[in-house]
Amino acid sequence: VFLVILFKTMEAIMPGKHKLAFLLFLVPLGLMPLGYLLYFLTGIERFAEGFSFEISMIGNFARLYYFIPLATAFLSLLLFAKGRKASSALSLGISFLVYPFFGFAFTLVIFLYSVSGKYGSFIEKIKESIFETWKVFLPAAAFLSPWIYARFAHPEYFTLYSQNSLWWKA
């Protein structure tokens with residue numbers, strides 16, 4: 001599912017070069033997607049282990065914790081590129097809800113994508129992009145409310161994360 005979303009996103013934002021961009025994106029992944037595909041098709045878990053040095057993405061919740069919001073973040077970019085702002089906001093909101101890091105990262109990616117499609121001076125591009133993207137970002141940001149509540153009501157939940165972070169402290 002993730003690779004299909006990724007391919008469709010690249011097709012929407014880079015119509016002439018999407019196949020090459022997709023290939024260049026897959027090269028760093030190595031053979032991992034092939035191992036997971038073989039595991040999915042055959043049910044033989046060793047394929048996933050051998051190609052990726054992990055047991056299985058399906059059985060590893062921590063991987064799904066990162067995988068799902070990344071897929072919904074790319075989906076948000078795809079929907080934004082196709083002009084479906086409400087759907088883009090919902091998808092970006094899901095990214096914020098599951099793992100806010102990808103939501104924040106793709107907020108910047110969507111904004112930069114918007115700027116890249118504008119003409120005029122730099123300031124005009126920024127103003128037009130702010131006007132275009134706030135309609136996506138504001139509704140998506142509402143999905144952060146459980147994280148904001150947890151952060152201030154129960155800061156102890158964030159202690160371990162902040163101990164391992166170079167830039168964020170609880």
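Just so we're clear, the structure is a prediction, and the values are computed from it rather than from any experiment.
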Problem set entry | Test item: F111 and I126 side chains (from C-beta on) under 4.5 Å apart, heavy atoms |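 A side-chain contact exists here, since the closest heavy-atom pair is under 4.5 Å.
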Exercise. Quick one: are L90 and F143 in side-chain contact, heavy atoms under 4.5 Å?
Worked result: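 Yes, side chains in contact.
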In Å and rounded to the nearest 0.5 Å, what is the [atom1] to [atom2] distance from [X] to [Y]?
X: I123; Y: E128; atom1: CD1; atom2: CD; value: 12.0 Å
X: K85; Y: W134; atom1: NZ; atom2: CH2; value: 12.5 Å
X: L78; Y: I110; atom1: CG; atom2: CD1; value: 10.5 Å

Exercise. Would K125 count as a cation-pi partner of Y119, with NZ or CZ less than 6.0 Å from the six-membered ring centre and within 45° of the ring normal?
Worked result: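 No, cation not above the ring by the 6.0 Å, 45° rule.
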For this session: Validate the cation-pi geometry between K135 and F131: distance from NZ or CZ to the six-membered ring centre under 6.0 Å, angle to the ring axis within 45°.
Result: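 Positive - K135 is close enough to the ring of F131 and near enough to its axis.
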Shortest non-hydrogen contact from [X] to [Y]?
X: P69; Y: V98; result: CD-CG1, 3.7 Å
X: P139; Y: V136; result: CD-O, 3.4 Å
X: A89; Y: A140; result: O-CB, 3.5 Å
X: L79; Y: S91; result: CD1-CB, 4.3 Å

Problem set entry | Residues which pass ring pair (Phe, Tyr, Trp, His ring centres under 6.0 Å) with F106, listed by chain and number, not counting sequence neighbours |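 Applying ring pair (Phe, Tyr, Trp, His ring centres under 6.0 Å) to F106 gives F74.
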For this session: Keeping to residues at least two apart or across chains, list the side-chain hydrogen bond (donor to acceptor under 3.5 Å, both in side chains) pairs with something in residues 71-84.
Result: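 Listed once each, the pairs are T72-S95, S76-S88.
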Problem set entry | Hphob cluster co-occupancy, L70 + L112, side-chain heavy atoms under 4.5 angstrom |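 Hydrophobic grouping puts L70 apart from L112.
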Exercise. For P100, does its backbone N or O pair with a side-chain atom of W147 as donor and acceptor, under 3.5 Å?
Worked result: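 Side chain of W147 to backbone of P100, a donor-acceptor pair under 3.5 Å: no, none is there.
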Problem set entry | Whether T133 side chain and S129 backbone form a donor-acceptor pair below 3.5 Å |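 Pair found, side chain donor or acceptor close to backbone of S129.
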For this session: Using side-chain contact (heavy atoms from CB on, under 4.5 Å) as the criterion, point out the one residue from F102, F101, F104, F137 that pairs with F96.
Result: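 With F96 as partner, F102, F101, F104, F137 yield a single side-chain contact (heavy atoms from CB on, under 4.5 Å), made by F104.
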